[in-house]
Amino acid sequence: PNRLEKIDPSTLMTPTLYDLANFNYNRAHSFTHHLMQFMVTTSTTGGVHRYADLQNAGNSTWNTYYLQLTNIKEMYELAVGAESKNYQAVALTLRAWVYANLTDCFGDVPMTEACRGDEGILTPKFDTQQKVYESESLSSTDLLYDGDVRKWRKFANSLHMRSLLRLSKRSEMNSLAKLAEMIGNPVKYPVFENNADGALLPISGISPYDSPISRLEDFRSNKAMASFFVNTLVELNDPRLPIFMDEATKNDGSQEKIGYKGYPSGFAATERFDYNASNINATLGTAPMKVLFMTYAEVEFIKAEMAWRGLITDQAAPHYRKAVEAIIEQWGGVVPGDYFDNPKATYDGTLERILLQ
């Protein structure tokens with residue numbers, strides 16, 4: 001009899017944000033980083049970087065996202081009942097973020113009939129990826145922004161920019177014209193303007209907001225940095241090297257440090273090396289920490305790409321430079337005064353340079 005019959009939409013936001021961030025952090029560490037040549041496994045069997053992923057590799061993503069979509073749906077309905085426009089907007093923004101990730105992972109996914117089990121719809125139909133991207137959801141106690149509605153609006157518009165650029169090769173969607181319009185009208189479409197605006201969820205490490213990594217041994221065990229990522233940062237003389245990883249050591253029992261070196265992605269499980277590769281820094285799995293939903297740097301990279309395409313009047317180089325500086329500083333690094341003097345770091349007029357950074 002003392003259970004609540006109704007809850008406020010705000011009570012759903014914090015656990016939903018935390019659970020999404022927690023899952024994505026672990027999924028990036030165990031799966032995405034290996035595909036992106038950021039890390040490798042040193043195990044003698046399997047390994048995503050060897051494309052030894054199983055048929056059920058996407059199960060946890062599917063199940064987690066649809067569970068949270070149900071919570072987001074309830075948050076929205078409660079906000080409608082409470083006549084809270086702000087929480088309606090927050091719910092729609094989170095819904096857009098989750099569906100964008102879902103359709104990028106799986107293509108066609110249930111949307112219009114999803115999360116309606118209470119209505120008896122237990123086998124929802126699949127909607128096309130185009131319909132997901134065209135949907136209204138993609139055009140639109142707070143753990144993320146502490147109740148700052150202006151920053152939620154910036155997050156929604158920044159997320160919309162990401163979605164529009166994803167559709168750049170789909171001419172029937174006319175997404176780049178809309179994206180150019182948004183960039184050209186910052187008053188109507190405010191987006192992230194600095195790192196403080198970025199959607200980075202703070203994880204305190206104090207229960208119930210524990211680190212996504214329950215055991216640091218699992219965070220580093222049987223793992224190493226990938227050569228592609230390490231070599232790229234070495235060539236850039238990038239200040240994030242010691243933030244992301246430790247130094248490699250000789251494999252002769254001496255543990256003598258030999259600088260930053262990784263193992264090649266996809267190396268044979270039977271291959272042996274005369275050094276122990278750099279491993280991910282344990283501090284990246286230790287709270288307090290921040291988990292990324294979307295960064296200010298990504299917005300500047302989007303603008304740089306649009307300038308490279310000639311679709312906005314800005315030059316690409318200034319946006320590229322802002323993005324690189326922002327992402328280095330976001331991780332706690334200090335941008336060296338001569339960083340962009342390095343031919344490997346300066347903008348060279350290509351899309352590849354933007355994508356690499």
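For the numbers below, each heavy atom of this structure counts, side chains included, while hydrogens, waters and symmetry mates do not. Being a predicted model, the structure only gives us computed values, none of them experimental.
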Taking all heavy atoms of S158 and all of V191, pick out the closest pair and write down the distance.
OG-CB, 3.4 Å

Return the minimal non-hydrogen interatomic distance between F228 and M36, and the atom names on each side.
CD2-O, 4.3 Å

Spell out, as yes or no, whether a donor-acceptor pair under 3.5 Å connects the side chain of E113 to the backbone of K125.
yes

Name the residue from H160, K154, E181 that meets the side chain to side chain donor-acceptor pair (under 3.5 Å) definition with Y189.
E181

State whether the side chain of T70 and the backbone N or O of Y66 hold a donor-acceptor pair below 3.5 Å, judged by distance alone.
yes

So does R220 pair up with D246, basic N to acidic O under 4.0 Å?
yes

Contact summary for I302 and M161, nearest pair of heavy atoms:
CG2-CE, 3.7 Å

Partner of Y133 by side chain to side chain donor-acceptor pair (under 3.5 Å), out of D104, T128, T103
D104

Show the nearest heavy-atom pair for residues G285 and Y25, with the distance to one decimal.
CA-OH, 3.5 Å

Verdict with supporting geometry, F301 and H319, ring-ring contact (aromatic ring centres under 6.0 Å, His included):
CA-CA 7 Å; F301 280 129; H319 289 298; over 10 Å; no

Checking D127 side chain against V132 main chain: does a donor-acceptor pair fall under 3.5 Å?
no

So, does T295 use its side chain to make a donor-acceptor pair with the main chain of G198 at under 3.5 Å?
no

Taking a hydrophobic cluster as the set of Ile, Leu, Val, Met, Phe, Trp and Tyr residues connected by side-chain heavy atoms closer than 4.5 Å, whether directly or through intermediates, do Y347 and L351 fall within one such cluster?
yes

Checking K223 side chain against D218 main chain: does a donor-acceptor pair fall under 3.5 Å?
yes

On a heavy-atom basis, the closest approach of T286 and A282 is OG1-O, 2.8 Å

Return all side-chain donor-acceptor pairs below 3.5 angstrom for residues 321-336, not counting sequence neighbours, or 'none' if the list is empty.
{"unit_1": "R321", "atom_1": "NE", "unit_2": "E325", "atom_2": "OE2", "d": "3.2"}

Given the rule that I, L, V, M, F, W and Y join up when any side-chain heavy atoms are under 4.5 Å apart, are V48 and V230 in one cluster?
no

Evaluate the ring planes of Y65 and F23, with Trp represented by its six-membered ring, and classify them as parallel (under 30°), tilted (30 to 60°) or perpendicular (over 60°).
perpendicular

Determine whether L233 and V40 fall in the same hydrophobic cluster, where Ile, Leu, Val, Met, Phe, Trp and Tyr are linked whenever their side-chain heavy atoms lie under 4.5 Å apart.
no

Ring geometry between F244 and F229 (parallel below 30°, tilted from 30 to 60°, perpendicular above 60°)
tilted

Given ring-ring contact (aromatic ring centres under 6.0 Å, His included), test F192 with Y296 step by step and report yes or no.
CA-CA 5 Å; F192 296 155; Y296 159 61; 7.7 Å; no

Flag, side chain of N22 to backbone of Y18, donor-acceptor distance under 3.5 Å
no

How are the rings of Y263 and F273 set to each other: parallel, tilted or perpendicular (split at 30° and 60°)?
parallel

Matching residue for Y320 among I354, T346, D348 - test: side chain to side chain contact (heavy atoms under 4.5 Å, CB included)
I354

Given H49, which of F38, F267, F31 fulfils the ring-ring contact (aromatic ring centres under 6.0 Å, His included) condition?
F267

Would you say L94 ends up clustered with V149 if hydrophobic residues are merged whenever their side chains have heavy atoms under 4.5 Å apart, either directly or through other cluster members?
no

With distance as the sole test, does S168 use its side chain to make a donor-acceptor pair with the main-chain N or O of L164 at under 3.5 Å?
no

Assigning hydrophobic clusters by single linkage (Ile, Leu, Val, Met, Phe, Trp, Tyr; side-chain heavy-atom cutoff under 4.5 Å), is L67 placed with L17?
no

Indicate the atoms forming the closest heavy-atom contact of M245 with S278, along with that distance.
SD-CB, 4.1 Å

